[in-house]
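Contents: one structure, followed by commentary.
Lettering of chains follows the sequences in order, A, B, ..., and the numbering in each one begins at 1. These values consider heavy atoms only, across backbone and side chains, with no hydrogens, waters or symmetry-generated copies. These figures come from a predicted structure and were not determined experimentally.
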Amino acid sequence: MTFGKGCHLHLIDGSAFIFRAYHALPPLTRKSDGLPVGAVAGFCNMLFRYVENNKGADAATHVAVIFDHSSKTFRNEIYPLYKANRPDPPEDLRPQFPLTREATRAFNIPCIETEGFEADDIIAALACKARDAGGQVTILSSDKDLMQLVGNGVGMLDPMKNKRIDRDEVIEKFGVPPERVVDVQALAGDSVDNVPGAPGIGIKTAALLIQEYGDLESLLARAAEIKQPKRRAAIQDNADQIRISKRLVELDCNTPLDVELDDLEVQKPVAGDLLGFLNLMEFRSLTKRVADSLKVEAPPAPTAVTAPAAAIPSAAEAPLPFDTAAYDCVRDAATLSAWIARIRERGHVAVDTETTSLDEMRAELVGISLCVEAGRACYIPLGHRQGTGDLFGGAELAPDQIPMDLALSMLKPVLEDDAILKIGQNMKYDAKILARHGIRVAPIDDTMLMSYAMHAGLHGHGMDELCDTYLGHKTIAIKTLLGSGKAQITFDRVPIDQAVPYAAEDADVTLRLWALFRPQLHRARVTTVYETLERPLIPILAEMEMAGVQVDRDTLSRMSNAFAQKMAALESEIHELAGGPFNVGSPKQLGEILFERMSLQGGVKGKNGAWGTGADVLEDLAAEGHDLPARVLDWRQLSKLKSTYTDALQDHINPETGRVHTSYSIAGANTGRLASTDPNLQNIPVRTEEGRRIREAFVAPPGKVLVSLDYSQIELRILAHIADIPALKQAFREGQDIHAMTASEMFGVPLEGMDPMVRRQAKAINFGVIYGISGFGLARNLRIPRADAQGFIDRYFERFPGIRAYMDATVAFAKENGFVQTLFGRKIHTPEINAKGPGAGFARRAAINAPIQGTAADVIRRAMIRMPKAIAGMPAKMLLQVHDELLFEVDEAAADALTDRVREVMETASDPAVHLSVPLTVEAGRGANWAAAH
DNA sequence: GGGCTCACG
DNA sequence: GACGTACGTGAGCCCG
């Protein structure tokens, strides 16, 4: 790529990186020989983080790391004392300088330094050159000496604070725009670099003077006009020294360069080189993280028997480039037959469907794409339409398409053939579409789920993202075909010649991802997870989603009306209390009314300067006897129930089936939990009486009942097992009240006649532990002083020391490996665990929670996967999963038998892979509706 | 489109 | 020493 417009050059101030790394880290040494490597380690971490984050709109197309070559530069000829009072670098840092250059080259990033020049001069020259070529430049440094370069497409980025420094920030710092910064620096001098400047003049005064006189030369010429005698003397007496200072701080865009911009194009690291270097430095956890990121196996540590160099994969063999023009458009049966023959020959095929909607239950099939090997893909248009059609959208089919029935009948034997693997990206979607045409697709591989098994926590698993990340290719955006907003069209309206490259590319990408991921599953040790917890779930969920749940529209509609009336009454009451009308639904207006107009106490502004009006705030106010916040709380509850549930749910009733069909995302939640969308049926109200009534609208058809079974305290049981807490395990085995038991252990009170308040506190702690407890969080939850909460936690840890040990061990494991694991081997990555700042707290707690939440998620997945076989022949269907609950619809007469079978499957779901040292127990209920079944 | 709020486990 | 914090989700509304 020739550097020019659209290119973005990143210039990394290498010396700054080194010093930051050196001071930020303890003095590490290499284990085998004691070589100091702390700064190198930090430097590599920074570079790795940089490489990982270099994506998105601001990503570099070109990059270089620039170093200072030696301490003597041309500036010492101008002024021998320049930087003379700089102490020599620490003894243990010196040997690390050459290693940081090696590290840079190991990352495959150009490394630049020139004898006699400072890094800043080279940065200046490169920045000017890139700017003049029409490109954009970002300097990764916070060095104030570089700020003179800012402007006209050159910006700076403080890599530690991740803060951009643009013209405004420079003006804020120096009081003058970037082009006058050297004038200010020349006057103010710099004690660190020993730039003399004018004595007694600092940055503030210098800025004032430059603002007044325009620039340094004018100021020197008109120095006599300066009113303050001291300033006048300082300038007049030191004019030469000031001019020298300017030459010292001024960066030279004409510094000779021995590289071309085109040489700086961003290159992917070569796995063998980079891992080889990191391994040589004995950076074990970083080696692993980098290996994970590059999708190769980490080389064995040097102490072990060293593998032959050839065993380390070098750069991926040059892949076949994407060529959308090479894709086939299949318009007749003969061509389709040829493709089917190719599929049979190969034994596998990537499949993708194009439809008119993201809602699989309403979407109409428009076309199918297939791919048998990288670059060899086709699109079969089946339902493309042309012409304007009438008001009802019925336009005629575009010509030269194989009749849909014919094409599907030809494809059906292949798609259902047990000996031919069908590969898809989010195959549940396509399987459901094809199921509606009578095709039961099997067996299936799914690249989205492969990525999820390997990379949960690292990034999303959508095709565009995977393609960009792992194939280095940007897919055609669907937007370019469909448009967006009001003018958006459906896929059947896309001209076929435009549809072919888009659709066939998706199949091509899917096949390439599959070829890449398949061998990696083993290396990442997640084959079992993928094969037992991900892949088998696809048909299970597809069945549940297609079954849907019956929802009674009239019940919802009546509730909506009732809510609307109550809301109207509350609204006028609220307006009266407020002394005038306002939008009750606007937190902004409400905050102003409460804390400004009514001047209530206890308001806290959030980081955006808006008053917080969350339920906790309003509850506190209501408890003090204020009516308005109490009414608003009531109003909000009704508003939520109405808009999210009673109104919105009606819109999700499928006109054909009369039922509500949610969609579960398998790879949405990092921990292994499912997520329910469109609509979300995992958050139907239950905690309040009023909300729970919405569940009355979820009904069983005549002659059937709904049966709900849910795991009792599954996460606490898993915690008891994983952390190995004898007292908790004992309590679960004996079927005791776990929270009362905890309270009894902690506070030494008897179980008999326990104060409910004490039990409540113990319960909060039990839950808090699962979430990675903090004194702050517990205090807020229980509304007690933080010190008291901390006291509880301390006592809890004292009584159950295994919990703390588990937490510490989990966090340590995450820091070492970059991921945590469930009992079933599911990996959840924790890329932020070694971060600094508040993010570290989040990552820490998430790491503690993930194995517990994730193991529970694995358990119920196992139960679900075994369910069809267990209930085969019974007049029953599994309808919904709500994390620890399964909901079934069953003939009334078979409800008992079903309950027994399902309970058995759920309670033994961890066997035989994991033997839990606590029993899993399931509570069951049934009724004509979900409220009654719970 | 981001932030706030709130529904669930 | 201050910061800002319970874990995991999805959806509807307001507001710029």
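Closest to the side chain of P685(A), out of dG10(C), dG8(C), dA7(B), is dA7(B). When the nucleotides dG8(C), dC14(C), dT5(C) are ranked by their closest atom to the side chain of F776(A), dT5(C) comes out on top. When distances run from any side-chain atom of T671(A) to the nucleotides dT5(C), dC7(C), dG8(C), the shortest one goes to dG8(C). Here dT9(C) is the nucleotide among dT9(C), dA7(B), dC6(B) with the atom lying nearest to any side-chain atom of A669(A). The side chain of A675(A) lies closest to dT9(C) when the candidates are dT9(C), dT5(C), dT5(B). The listed nucleotides are dC15(C), dG10(C), dA6(C); the one nearest the side chain of N683(A) is dG10(C). Across dG9(B), dC7(C), dC15(C), the shortest atom-to-atom separation from the side chain of S586(A) is found for dC15(C). When each of dT5(B), dG12(C), dA6(C) is scored by its nearest atom to the side-chain atoms of P587(A), the top-ranked nucleotide is dT5(B). Here the nucleotide nearest the side chain of R845(A), chosen from dC8(B), dT5(C), dG9(B), is dT5(C). Looking at the side chain of R786(A), the nearest of the listed nucleotides dC6(B), dG9(B), dT5(C) is dT5(C).
Straight-line distance between the P atoms of dA7(B) and dC3(C): roughly 31 Å, to the nearest whole Å. Taking atom C1' on both dT5(B) and dA2(C), the two are 28 Å apart, rounded to the nearest angstrom. Spacing of P atoms, dA6(C) relative to dC6(B), comes out at 15 Å, to the nearest Å.
Following rounding to the nearest Å, N766(A) (CG) and dA6(C) (C1') show an atom-to-atom distance of 14 Å. Distance CD1 (I684(A)) to C1' (dG10(C)): 11 Å, rounded to an integer number of Å. Put simply, CG on L886(A) is 19 Å from P on dC8(B), counting in whole angstrom units. Following rounding to the nearest Å, L649(A) (CG) and dG12(C) (C1') show an atom-to-atom distance of 14 Å. What separates CH2 of W930(A) from P of dA7(B) is a distance of 16 Å, to the nearest Å. Put simply, OH on Y771(A) is 11 Å from C1' on dT9(C), counting in whole angstrom units. Across the protein-nucleic acid pair, E832(A) atom CD and dT5(C) atom P stand 16 Å apart, rounded to whole Å. If you take CZ of F842(A) and C1' of dG8(C), they are 13 Å apart, rounded to a whole angstrom.
Applying the 4.0 Å criterion to OP1 and OP2 of dC13(C), one finds that K588(A) has every side-chain N and O outside that range. The phosphate of dG9(B) (OP1 or OP2) has a side-chain N or O of R687(A) nearer than 4.0 angstrom. Residue S643(A) places no side-chain N or O under 4.0 Å from the OP1 or OP2 atom of dA11(C). Contact annotation: Q589(A) side-chain N/O to dC15(C) OP1/OP2 distance is under 4.0 Å. An OP1 or OP2 oxygen of dT5(B) is reached within less than 4.0 angstrom by a side-chain nitrogen or oxygen of T613(A).
Ring geometry for H739(A) versus F767(A): interplanar angle of 30 to 60°, hence tilted.
Aromatic rings from Y796(A) and F800(A) are positioned such that their centres are separated by under 6.0 Å.
A donor and an acceptor atom never sit less than 3.5 Å apart when one is taken from the side chain of R844(A) and the other from the base of dT5(C). A donor-acceptor contact under 3.5 Å is formed by the side chain of K640(A) with the base of dC6(B). Residue R780(A) places no side-chain atom within donor-acceptor reach of the base of dG4(C), judged by atom type and a 3.5 Å distance cut-off alone.
The neighbour count for R49(A) CZ, taken as heavy atoms of other residues, nucleotides or ligands under 6.0 Å away, does not exceed 12. Within a 6.0 Å sphere centred on CD of E832(A), heavy atoms belonging to other residues, nucleotides or ligands number 12 at most. At most 12 non-hydrogen atoms from other residues, nucleotides or ligands lie less than 6.0 angstrom from CD of Q565(A).
Counting non-hydrogen atoms under 4.0 angstrom, A648(A) reaches the backbone sugars and phosphates but no base.
In this structure, K827(A) is positioned above the aromatic face of F819(A), its NZ or CZ under 6.0 Å from the six-membered ring centre and within 45° of the axis.
Of the two residues contacting DNA chain C, namely G585(A) and P679(A), the nearest-nucleotide position lying further toward the 5' end is that of P679(A).
Within the shown strands, dG9(B) is the pairing partner of dC7(C) under the Watson-Crick or G-U definition, both distances less than 3.5 Å.
Looking at E689(A) and R692(A), a side-chain N of the basic residue comes within less than 4.0 Å of a carboxylate O on the acidic one, giving a salt bridge.
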